[in-house]
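Report on one structure; see the data block that follows.
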Amino acid sequence: MYNKIKLPYAFDALEPYIDEETVRTHYEKHLNTYETNLNKALEGYEEYTKGKTLDQLIKDIEDLPEEIRPAVVNNGGGVSNHNLYFSILSPNPKKEPTGKLLDEINKTFGSLENLKEELTNASITQFGSGYGFLVKDKDGKLSIVKRVNQNSPVMDNLIPILTIDVWEHAYYLKYKNLRADYVKNIWNVIDWEKVQGLYEDCHNI
Ligand SMILES: [Fe+2]
């Protein structure tokens, strides 16, 4: 049984950048559906999930019987990606990273501003539904990737530490077709304390 995270703030806490109705529907309806469908797909396959985190299950997708792989990629990815997304947002975010993460950002991107610009562009230009991600590899090297639908970077041995959900359900009620405005605004509620914690966490997938 794999679960969605408990939302660490109220539905209206991210206003005015992300509106209450969107957070409520996104968390209670969309994420709920991924969670329900994932666990339904895994019914009867308990031997494959024993002792595995959700990300391990997704990363080792080839170990699963073929008939449930698409459901795990889509719904397992749906739970994992959303759990990350909701966890790195906060009404009282730390506005900038410090320490090791900031050093690595400066080394890789030149500056925090450059990173933000690159991830903003990756997210805006993700064709159709998907996500922009800041990921680290096993050596702590950072990069920006985008993925379609609910595909997770863990399938490529990358650990996502920040993500921007650009499915229309993440912004359409407030921003309509203006994805770029949503992506630019989301930086106001991205909590670098959380991102930094994930960067410094030395566990692998
Ligand atoms: Fe979403």
Side-chain angles (χ1 to χ4, degrees), residues 1-8 26-27 30-89 97 100-101 104-105 108 115 118-119 122-123 126-167 169-170 190-192 194-205:
M1 185 86 173
Y2 295 101
N3 298 112
K4 66 174 186 281
I5 59 157
K6 190 177 171 329
L7 195 68
H26 200 174
Y27 177 79
H30 293 279
L31 177 48
N32 226 55
T33 303
Y34 290 117
E35 182 189 47
T36 304
N37 289 343
L38 171 65
N39 289 310
K40 208 152 65 182
L42 291 172
E43 265 169 33
Y45 293 93
E46 286 76 10
E47 63 195 284
Y48 293 95
T49 62
K50 208 177 272 172
K52 279 198 161 182
T53 65
L54 178 54
D55 283 349
Q56 286 166 345
L57 197 69
I58 298 169
K59 179 171 97 62
D60 301 333
I61 194 76
E62 303 285 323
D63 295 348
L64 296 179
E66 219 168 327
E67 68 270 19
I68 60 167
R69 286 182 204 165
V72 172
V73 169
N74 292 331
N75 297 295
V79 172
S80 173
N81 291 334
H82 282 105
N83 281 354
L84 175 65
Y85 173 78
F86 285 115
S87 75
I88 53 115
L89 300 178
K100 263 196 223 161
L101 177 57
E104 196 60 29
I105 287 172
T108 310
L115 176 159
E118 207 177 303
L119 182 49
S123 303
Q126 165 57 44
F127 185 76
S129 298
Y131 295 79
F133 293 93
L134 175 64
V135 299
K136 66 173 180 179
D137 69 10
K138 61 176 179 23
D139 302 317
K141 263 184 67 71
L142 295 170
S143 57
I144 284 168
V145 299
K146 46 185 170 181
R147 290 290 182 270
V148 69
N149 296 328
Q150 293 297 350
N151 289 355
S152 165
V154 303
M155 291 163 78
D156 306 299
N157 273 315
L158 297 168
I159 303 173
I161 60 171
L162 192 171
T163 190
I164 300 178
D165 183 346
V166 289
W167 282 61
H169 66 227
I190 287 178
D191 186 3
W192 284 100
K194 295 274 173 51
V195 180
Q196 207 169 318
L198 291 170
Y199 181 74
E200 287 170 6
D201 183 351
C202 14
H203 91 280
N204 229 300
I205 301 164

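Just so you know, these numbers use all the heavy atoms, side chains as well, and skip hydrogens, waters and symmetry mates.
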Looking at every heavy atom in both P160 and L158, which two are closest together, and how far apart are they? CD-O, 3.4 Å
K138 versus N157: any side-chain heavy-atom pair under 4.5 Å? no
Assess whether side-chain contact (heavy atoms from CB on, under 4.5 Å) is satisfied between Y2 and K52, documenting all intermediate values. CA-CA 10 Å; Y2 295 101; K52 279 198 161 182; 4.0 Å; yes
In Å and rounded to the nearest 0.5 Å, what is the CD1 to OG1 distance from I88 to T163? 7.0 Å
Under the salt bridge (Lys or Arg N to Asp or Glu O under 4.0 Å) criterion, do R69 and E62 qualify, and how do the steps go? CA-CA 8 Å; R69 286 182 204 165; E62 303 285 323; 3.8 Å; yes
Dump the intermediate steps for side-chain contact (heavy atoms from CB on, under 4.5 Å) on L31 and N83, then the final yes or no. CA-CA 9 Å; L31 177 48; N83 281 354; 4.0 Å; yes
In terms of heavy-atom contacts, L142 and T108 come closest through O-CG2, 3.6 Å
Distance col, row K194:NZ vs L84:CG, nearest 0.5 angstrom, shows 10.5 Å
Report the distance from atom CG of L64 to atom OH of Y45, rounding to the nearest 0.5 Å. 9.5 Å
Provide the closest heavy-atom pair for Q150 versus N74 in the form atom of the first, atom of the second, distance. CB-O, 3.2 Å
Evaluation steps, side-chain contact (heavy atoms from CB on, under 4.5 Å), between F127 and K146: CA-CA 10 Å; F127 185 76; K146 46 185 170 181; over 6 Å; no
Is the shortest side-chain heavy-atom distance between W192 and L101 below 4.5 Å? yes
Any sub-3.5 Å donor-acceptor pair from E46's side-chain atoms to G44's backbone N or O? yes
State, to 0.1 Å, how close S152 and N81 come at their nearest heavy-atom pair, and which atoms those are. CB-OD1, 3.9 Å
Whether the side chain of N39 engages the backbone of N3 through a donor-acceptor N/O pair (distance < 3.5 Å, no angle test) should be reported. no
Please answer whether the main-chain N or O of K4 pairs with a side-chain N or O of E35 as donor and acceptor at a distance below 3.5 Å. yes
Where A170 and Y85 come nearest, the two heavy atoms and their spacing: CB-OH, 4.3 Å
Between D137 and D139, is there a donor-acceptor pair closer than 3.5 Å when you use the side chain of the first and the backbone of the second? yes
Side chains of L89 and I190: closer than 4.5 Å at any heavy-atom pair? yes
Is K100 reaching over with its side chain to a backbone N or O of E200, donor-acceptor style, under 3.5 angstrom? no
Does any N or O in the side chain of D201 come within less than 3.5 Å of the main-chain N or O of G197, such that one atom is a donor and the other an acceptor? no
Got a second to check how far W167's CH2 is from Q126's CD, nearest 0.5 Å? 10.5 Å
Take atom CD in E67; do more than 12 heavy atoms of anything else shown fall under 6.0 Å from it? yes
Are the side chains of V145 and D156 in touch, meaning some heavy atoms are under 4.5 Å apart? no
Should the ring pair H26 and F86 be called parallel, tilted or perpendicular, given that the plane angle runs from 0 to 90° and is split at 30 and 60? perpendicular
Could you check whether any side-chain N or O of Y27 sits under 3.5 Å from a backbone N or O of I5, counting only pairs where one atom can act as donor and the other as acceptor? yes
Side chain to side chain, N75 and K40, heavy atoms closer than 4.5 Å: no
Non-hydrogen atoms of L42 and L57 that approach each other most closely: CD1-CD2, 3.9 Å
Please confirm whether the backbone N or O of Y199 pairs with a side-chain atom of K136, one donor and one acceptor, at under 3.5 Å? yes
So, the side chain of S80 versus the backbone of G76: is there a donor-acceptor pair under 3.5 Å, distance only? no
Once rounded to the nearest 0.5 Å, what's the spacing between atom CD of Q196 and atom CG of D191? 9.5 Å
Between atom CG of L162 and atom CZ of F133, what is the distance when rounded to the nearest 0.5 Å? 10.0 Å
